[in-house]
Amino acid sequence: MNYKQLKSLLADPRKIVITTHTHPDGDAMGSSLALALYLQKKGHRVQVITPTGYPDFLHWLPGNNEVLIYNMNDGTKRKGERMVGQADIVFALDYNDPKRIDDLGKFMQDSKATKVLVDHHPDPVNFAELALSDTRASSTCELIHRLITSLGDKALVNQDIASCLYTGIMTDTGSFRFASTSPETHRVVASLIETGMQHTLIHERIFDSYSESRARLLGYSLKDKLVVFPEFHAAYISLSKAELDQFGYQNGDTEGLVNYAYAISGIRLGALFMEKGDLVKISFRSKGSFDVNELAREHFSGGGHKNAAGGSSTLTLQETVKKFEALLPSYAEGLKAF
Ligand code: 5GP
Ligand code: MN
């Protein structure tokens, strides 16, 4: 990242749009809202636009009420497209391919705005004039903290900004346990906690706020829907639309469910298949050297990180699961090795 160039770009008040990927997670929303709050403090006009909605357990985040959800209706779509078209700067956070923001990607690429990428996913598509792309970073939130610090504004990180950043770092590191958690991650978190931000409350709001039906969906998934292949060190859960409906599925209710598949001792690959509209949405997680980013890219039109990736399929749920099962023998060697 050329901070000098970014600093001069931000020297005058600008119209800024912040975008993040579809079905935003804690890191996507945390990084977007933290950056928005920071840039507003610096005197800019800022709009956060998400391509789709996101789970209720993220709605408490400071600045949430001003987010524009692009795909809500024709009005929000037109507004989002107009704002991206008229912006001086468009930030792209927690994604690295314009396809990840659906239809809005085209408008972003056509916009005369300077595009600034801040992201930690591998193999970025080259569409931004300025980029802070670091695959070793735990999260985009950690990179936003680095960006604010590098611009000389660490003192502007107040409790609200810290709460947003803590949310993304905590969720993307699986509460500080994934390999991406570095000494720097902990140093950043230490400085966030020093603002007086309520980290226990944030953990509770994100992880201990299940509805009863979500808890029962978890129970059903583990008791009746978990399929284990000990010979391939793999396990998966699949959920049809009817099953999700039966448990009154709400956005975010299956968040973290895939972790139970790979939490079993000896299992190195976990998958979750969910019927969503015309698509099957897939989550992959792995332990050790097995690369689910590659698996998702090659076979399920997706991507992500080495140990956490996702994708989708236009086949039926059954066919998608069959395709996954049929692939397992070809990955047997990779799944054996740690
Ligand atoms: P999750 O399983 O939590 O939805 O996603 C895990 C990781 O995979 C995230 O880093 C996310 O950005 C990435 N990911 C999920 N779905 C997709 C997808 O459809 N395409 C791509 N390129 N990445 C995805
Ligand atoms: Mn992330």
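Whatever order the structure lists them in is the order used to number ligands and atoms, beginning at 1. Side chains are part of it too, since the values below use all heavy atoms of this structure and drop only hydrogens, waters and symmetry mates. By convention here, the first residue in the shown sequence is residue 1.
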Checklist entry - Does the side-chain contact (heavy atoms from CB on, under 4.5 Å) test come out yes or no for S313 and F273, once each step is laid out? => result CA-CA 9 Å; S313 157; F273 301 89; over 6 Å; no
Item to check | Donor-acceptor pair, side chain of H59 and main chain of Y54, under 3.5 angstrom | outcome: yes
For residues 85-95, which side-chain donor-acceptor pairs fall under 3.5 Å, sequence neighbours excluded?
residue	atom	partner	partner atom	Å
D88	OD2	K15	N	2.7
D94	OD1	H120	NE2	3.3
D94	OD1	T140	OG1	2.8
D94	OD2	H21	NE2	2.9
Y95	OH	T19	OG1	2.7

Checklist entry - Would you find a donor on one side and an acceptor on the other, under 3.5 Å apart, between the side chain of R177 and the backbone of G174? => result yes
Checklist entry - side chain to side chain donor-acceptor pair (under 3.5 Å) with E81: which residues, sequence neighbours excluded? => result Y70
Checklist entry - With respect to Y331, which candidate in F290, F229, F284 satisfies the ring pair (Phe, Tyr, Trp, His ring centres under 6.0 Å) definition? => result F290
Checklist entry - G196 and Q198: which non-hydrogen atoms are nearest, and at how many Å? => result O-NE2, 3.4 Å
Item to check | Residue pair E243, K225: steps toward the salt bridge (charged side-chain N to carboxylate O under 4.0 Å, His left out) verdict | outcome: CA-CA 10 Å; E243 288 170 318; K225 301 304 312 252; 2.8 Å; yes
Checklist outcome for this item: Within a strict 2.8 Å cut-off of the Mn ion (ligand 2), protein N/O/S atoms tallied 4
Checklist entry - Yes or no on side-chain contact (heavy atoms from CB on, under 4.5 Å) for D25 and T171, after CA distance, side-chain angles and deciding distance? => result CA-CA 8 Å; D25 56 9; T171 52; 5.9 Å; no
Between ligand 1 and the protein, tabulate every N or O atom pair separated by less than 3.5 Å, reporting distance only.
residue	atom	partner	partner atom	Å
ligand 1	2 (O)	S283	OG	2.6
ligand 1	2 (O)	R285	NH1	3.0
ligand 1	2 (O)	R285	NH2	3.3
ligand 1	3 (O)	R285	NH2	2.9
ligand 1	8 (O)	G310	N	3.2
ligand 1	10 (O)	H121	NE2	3.0
ligand 1	10 (O)	H305	NE2	3.3
ligand 1	12 (O)	R100	NH2	3.1
ligand 1	12 (O)	H121	NE2	3.2
ligand 1	16 (N)	K281	NZ	2.8
ligand 1	22 (N)	G303	N	3.4
ligand 1	23 (N)	G303	O	3.3

